[in-house]
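Quick notes on the structure that follows.
When a ligand or atom number is given, it counts from 1 through the structure's own listing order. Below, each value reflects all heavy atoms present in this structure, side chains not excepted, and no hydrogens, waters or symmetry copies. All values derive from a computational prediction rather than experimental measurement.
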Amino acid sequence: MEKPEVVILLGGPASGKGTQAKVLAKRIGYTYFGTGDLMRAEVEKGSDLGNTMADLMNRGELVPDKLTIPIVINKLKELSGTNIVLDGFPRNLDQAEILQDVFPSEKFLVLNIDVSADELLKRMSSRRICEKCGNIITAKNDETVCEKCGGNLIQREDDKPEVLAKRIQSYEDQTKPIIAYYREKGLVRDIDGQPPIPDVTEEINKVL
Ligand code: AMP
């Protein structure tokens, strides 16, 4: 396969797309760019914009384009001309068009990490993140301490049960149509995201 310059990971919340995007970028030497991380960094700053974003994210909603695009576009422009793995962008059709404008002649590959809604719910409700080192685990027995660094394991605000259904709904309504958009262009490779992380990584390795 001709090497793509832009690899997009698509998948529902807790589909493993973030983990896989980071592993893939490292392995193939591409720059990783995740908009969820970018937004969480803005939230950490405690700016007005960050507070507005936190509110939406904590409710399981997407951040509207009028807030998202200004913080994402400069970074994308900076990255044009380099090979990148995108995690969390685009998340709707307008964002897909914007991406096309910034990377008009680059070859795209879309990895669609496919996981059933039931499994997504199960994973999100047991996902814990280390406050200190960012390690993400699937809690089996309500673990509270990170085995890597001893930090506190916490549940992300937007992984709390009341928000989960909403996040899946946002994905179904706004992000899923992008799969059809890219499929029509012949750019999508479907990856079974149901098995454990290393198996999914291996399946991705076979594609590129
Ligand atoms: P993620 O870490 O990719 O699951 O993103 C966490 C949250 O950040 C999402 O549920 C959205 O609220 C917000 N977010 C991340 N990327 C985008 C985007 N491209 N457009 C709108 N909202 C986004």
Side-chain angles (χ1 to χ4, degrees), residues 6-25 32-45 47 49-77 79 84-103 108 110-115 117 119-121 123-131 134-138 154-179 181-182 193 197:
V6 178
V7 181
I8 300 167
L9 275 280
L10 289 182
S15 59
K17 68 177 167 47
T19 305
Q20 297 297 347
K22 285 177 184 138
V23 170
L24 174 66
Y32 165 87
F33 178 44
T35 48
D37 286 354
L38 188 75
M39 288 178 181
R40 280 185 286 277
E42 194 64 43
V43 169
E44 282 300 305
K45 282 190 210 158
S47 63
L49 175 63
N51 291 339
T52 307
M53 283 179 170
D55 231 39
L56 292 158
M57 290 161 80
N58 292 343
R59 287 206 302 261
E61 289 175 30
L62 292 185
V63 174
D65 284 354
K66 68 175 195 306
L67 302 181
T68 299
I69 300 307
I71 65 163
V72 169
I73 193 89
N74 287 338
K75 185 73 194 170
L76 282 177
K77 285 184 179 159
L79 292 171
I84 56 172
V85 173
L86 282 174
D87 166 22
F89 193 93
R91 255 190 160 96
N92 61 36
L93 286 171
D94 286 340
Q95 292 184 5
E97 300 281 2
I98 287 166
L99 187 63
Q100 195 62 50
D101 289 346
V102 181
F103 295 88
F108 284 42
V110 178
L111 299 176
N112 174 37
I113 316 276
D114 199 18
V115 179
E119 174 69 16
L120 291 178
L121 266 172
R123 285 188 195 175
M124 281 192 281
S125 48
S126 53
R127 182 158 73 169
R128 299 290 180 275
I129 181 162
C130 174
E131 264 183 331
N135 183 30
I136 295 173
I137 66 146
T138 304
I154 55 162
Q155 187 166 40
R156 242 167 66 174
E157 225 22 75
D158 56 350
D159 278 343
K160 295 201 168 150
E162 54 281 16
V163 183
L164 298 183
K166 181 77 200 175
R167 287 182 72 199
I168 291 182
Q169 197 60 45
S170 305
Y171 171 72
E172 295 279 333
D173 294 345
Q174 298 182 60
T175 308
K176 261 204 167 163
I178 309 179
I179 301 169
Y181 166 92
Y182 285 122
I197 293 172

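The CD atom of Gln95 lies 7.5 Å from the CG atom of Leu62; values are rounded to the nearest 0.5 Å.
A distance limit of 4.0 angstrom between heavy atoms and ligand 1 selects the residues Lys17, Thr35, Gly36, Met39, Arg40, Met57, Glu61, Leu62, Val63, Thr68, Gly88, Phe89, Arg91, Gln95, Arg156, Arg167.
Within the 4.5 Å cutoff, side-chain heavy atoms of Gln20 are placed close to those of Ile197. Using a 4.5 Å heavy-atom threshold, the side chains of Ile71 and Lys75 count as separate.
No more than 12 heavy-atom neighbours from other residues, nucleotides or ligands sit within 6.0 angstrom of NZ on Lys77.
Scanning both residues, Ser126 and Thr138, for their nearest heavy atoms gives OG-CG2, 3.3 Å.
Here the rule is side chain to side chain contact (heavy atoms under 4.5 Å, CB included) with Arg91, and of Leu10, Thr35, Asp65 only Thr35 fits it.
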